[in-house]
J.: 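Submitted below is the structure of interest, expressed as structure tokens.
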Amino acid sequence: MLRYEMIVIGAGPAGLSAATEAARSGMQVVVFDENARPGGQLFKQIHKFFGSREHQARTRGFRIGENLLKEAEEAGVKVVLNAAALGIYKNKEIAVSFGGATRGYRADCIVIATGASENMMSFKGWTLPGVMGAGAAQTLMNIQGVRPGGRILMVGSGNVGLVVSFQLLQAGCQVEAIVDAAPRVGGYGVHASKLSRTGVPFYMSHTVVEAKGSDRVESAVIAAVDERFRPVAGTEREIGADTVCIAVGLSPMGQLADNAGCEMSYLPAKGGYVPTVSEFGETSIPGIYCAGDAAGIEEASSAMIQGKICAAAACNSFGYINDEEFRERAEAYGLSLSKLRAGMFAPQNKGRTDISHTAEGYPLSGSLLQRGYISQDEIEAFPAARPGSGKGLRPVIECTQNIPCDPCQDACAQGCISVGGDITGLPTVDGDRKCTGCCMCVAACSGQAIFLVDEDCGNGSGLIGLPYEFLPLPEPGALGLALDRSGNALCGAEVVEVRKSAAMDRTAVLMMKVPAGMACAARFFRPADGRQACRGR
Amino acid sequence: MRIHEHPIIEDFKKGREIGFTLDGSPMRGYEGESVAAALKASGVTTHRYTSKLNSPRGIFCAIGRCTDCVMVIDGKPNVRTCMTPLAEGMSVQTQHGLTPRKEG
């Protein structure tokens with residue numbers, strides 16, 4: 001029986017990070033993954049990540065995946081693909097199936113980093129081809145390069161539902177609507193806003209009750225739900241769609257830990273049935289660790305740190321790093337993790353509906369929570385979202401919830417923007433500093449919530465710089481409509497300039513000219529020729 | 001259904017274009033992509049019909065968890081098409097219950 005010092009199960013963000021950390025400290029490590037490609041779900045993530053510089057914020061998920069693979073390779077980590085771990089037995093023996101045979105391995109320590117699976121919901125017609133997980137749609141479009149459908153109904157307004165909806169628009173699909181049985185949008189307001197302004201409607205307190213069609217989805221019926229989430233008769237509405245995507249949460253895949261005999265418990269805040277772990281990720285069985293979504297649903301950035309913490313603890317217990325070194329690493333990783341686990345959407349706040357104000361004391365936008373966009377009068381309560389009174393372009397930051405993110409303050413070379421030490425703080429704009437109109441803050445904002453605005457650029461016009469990640473990219477001189485935050489047509493608009501550079505990493509900035517007085521409300525551009533990959537309703 | 005131009009993804013690293021068959025009819029796809037993706041790109045949505053109710057099933061999770069997308073591949077039933085790389089000359093058949101033929 002082959003023996004390794006550390007066996008990691010799962011080559012996603014948590015597993016690869018654990019393996020790299022351990023291998024760098026001298027441990028002999030192997031990673032098994034049942035998939036044909038490593039990286040877990042990271043390579044499907046084409047959006048810019050949140051967090052701080054230390055968490056690789058504003059870097060797109062797949063690039064973080066590429067870095068992770070490179071680091072693992074450089075550290076000498078061995079990754080065995082198409083290899084499914086079948087069970088963990090006494091004395092840390094693991095059965096792994098690959099190459100048509102089942103082989104036994106023995107480990108000194110094990111890191112379970114098996115990730116999560118998508119939750120599902122059943123309704124009439126839910127087995128029809130065309131009903132699929134949001135993750136399935138993401139795999140098809142972002143990995144395989146095939147559109148999952150033409151007209152999509154998204155069920156679920158958590159970050160997965162919102163992020164995948166936006167990616168569907170980027171892939172050239174039409175998102176007909178987003179429905180959620182909850183009365184409030186579950187994911188980040190900035191993710192909802194970037195969908196709303198393209199015209200995607202949100203139906204909160206609604207659910208899907210039927211997928212119709214003979215051999216595939218031809219339409220979907222949605223209905224309002226009462227306070228106990230039961231569909232209300234007479235509120236049904238039929239939506240033309242060929243695809244229904246389900247994004248109703250994730251569940252940890254802790255089966256291997258359970259099978260190994262680790263103490264398990266059902267923790268709603270962690271998304272389900274998870275092994276009980278110490279602060280260093282060790283389960284009730286010494287030497288068996290669990291990291292990432294398998295230990296509790298969070299996101300990739302925290303999974304990577306959790307993986308490193310487990311590995312540091314394992315390295316310490318096997319003498320590869322001394323106690324002092326371990327304390328230093330654990331403290332640094334713990335601090336980094338705590339920054340991500342803060343703010344309104346922190347795991348400890350999961351399911352809370354009583355948060356009414358930001359940490360700064362500004363009232364949260366009710367319109368954002370109920371309709372997916374901030375109303376004009378609500379946005380004015382946020383100082384950073386008010387255009388400056390002086391001449392010239394100013395950053396207008398429509399970031400109204402406490403989420404862990406601060407790339408905007410690094411992006412501005414002039415020091416106009418600051419978030420402060422607490423990365424969940426709302427950014428502030430220093431009106432005394434000169435904005436050069438470089439657009440780097442617009443491109444750096446992972447939530448696409450920053451605009452450059454000049455309310456009066458002369459000749460009765462206002463100018464807006466807005467983030468744009470769709471094809472075809474309008475040419476300078478393109479005419480069309482300016483849409484407001486809700487996606488409604490506001491006024492005529494002309495694209496006068498298109499900014500793009502390598503540093504902006506494929507987030508173009510459209511400089512859009514509108515009639516004076518409209519710059520405070522215009523937030524998206526729809527070309528008049530209709531040639532736009534991005535189509536909301 | 002294929003995405004030819006994408007604002008973020010530069011290249012969907014595809015293998016060479018190859019031929020395979022679906023229920024005996026010639027199809028085209030790219031080597032190494034999932035069989036499910038190749039079918040989706042050609043507009044095929046039904047992968048199988050269930051044995052009891054004869055109801056259609058297609059892609060559901062696309063990561064090998066749910067087994068809804070299984071088909072008969074090179075004569076072998078219950079193969080997960082989302083996890084199986086497409087190969088030249090592959091025979092893909094719609095699965096009825098457990099076989100490639102409609103029963104009764």
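Since we're looking at a predicted model, the values are computed, not measured.
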J.: Between B:M83 and chain A, with a heavy-atom cut-off of 4.5 Å, which part of the residue counts as in contact: side chain, backbone, both or neither?
T.: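 Interface part for B:M83: side chain.
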J.: Is A:M141 close to chain B through its backbone or its side chain, or both, or neither, when contacts mean heavy atoms under 4.5 Å?
T.: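 Interface part for A:M141: both.
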J.: About how many Å separate CD of A:Q56 and CZ of A:R63, when rounded to the nearest 0.5 Å?
T.: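 Going from CZ on A:R63 over to CD on A:Q56, the span is 12.0 Å.
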J.: Give a yes-or-no answer on whether the side chains of B:T46 and A:R216 include a donor-acceptor pair shorter than 3.5 Å.
T.: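 There is no such pair between these side chains.
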J.: Determine the option with the most heavy-atom pairs under 4.5 angstrom with chain A, choosing from B:H47, B:H4, B:E10.
T.: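 That would be B:E10.
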J.: For A:F50 together with A:H191, are the ring centres under 6.0 Å from each other?
T.: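 Ring centres of A:F50 and A:H191 closer than 6.0 Å.
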J.: Does B:D74 use its side chain to pair, donor to acceptor, with the backbone of B:S91 at less than 3.5 Å?
T.: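 Yes, the answer is positive, given that a donor and an acceptor are paired below the 3.5 Å cut-off.
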J.: Given heavy-atom pairs under 4.5 angstrom as the criterion, report whether the side chain, backbone, both or neither of A:I143 touches chain B.
T.: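 When you check distances to chain B, only backbone atoms of A:I143 fall under 4.5 Å.
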J.: What residue, out of A:Q144, A:E469, A:E118, has the most heavy-atom pairs lying under 4.5 Å from chain B?
T.: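 Greatest number of close heavy-atom pairs with chain B: A:Q144.
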J.: Run the ring-centre check on A:F470 versus A:F166 and record whether the distance is less than 6.0 Å.
T.: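 Yes, the ring of A:F470 comes within the 6.0 Å limit of the ring of A:F166, centre to centre.
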J.: Pick one of side chain, backbone, both or neither for A:Q138, based on which atoms fall under 4.5 Å of a heavy atom in chain B.
T.: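 A:Q138 has no heavy atom closer than 4.5 Å to chain B.
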J.: Does B:D23 use its side chain to pair, donor to acceptor, with the backbone of B:T94 at less than 3.5 Å?
T.: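 Here the side-chain-to-backbone pair exists.
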J.: If I measure from the heavy atoms of chain B, does A:K44 come under 4.5 Å with its side chain, its backbone, both, or neither?
T.: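 For A:K44, side-chain heavy atoms alone lie under 4.5 Å from chain B.
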J.: Under 4.5 Å from any heavy atom of chain B, what part of A:L140 do you find: side chain, backbone, both or neither?
T.: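 The side chain, not the backbone.
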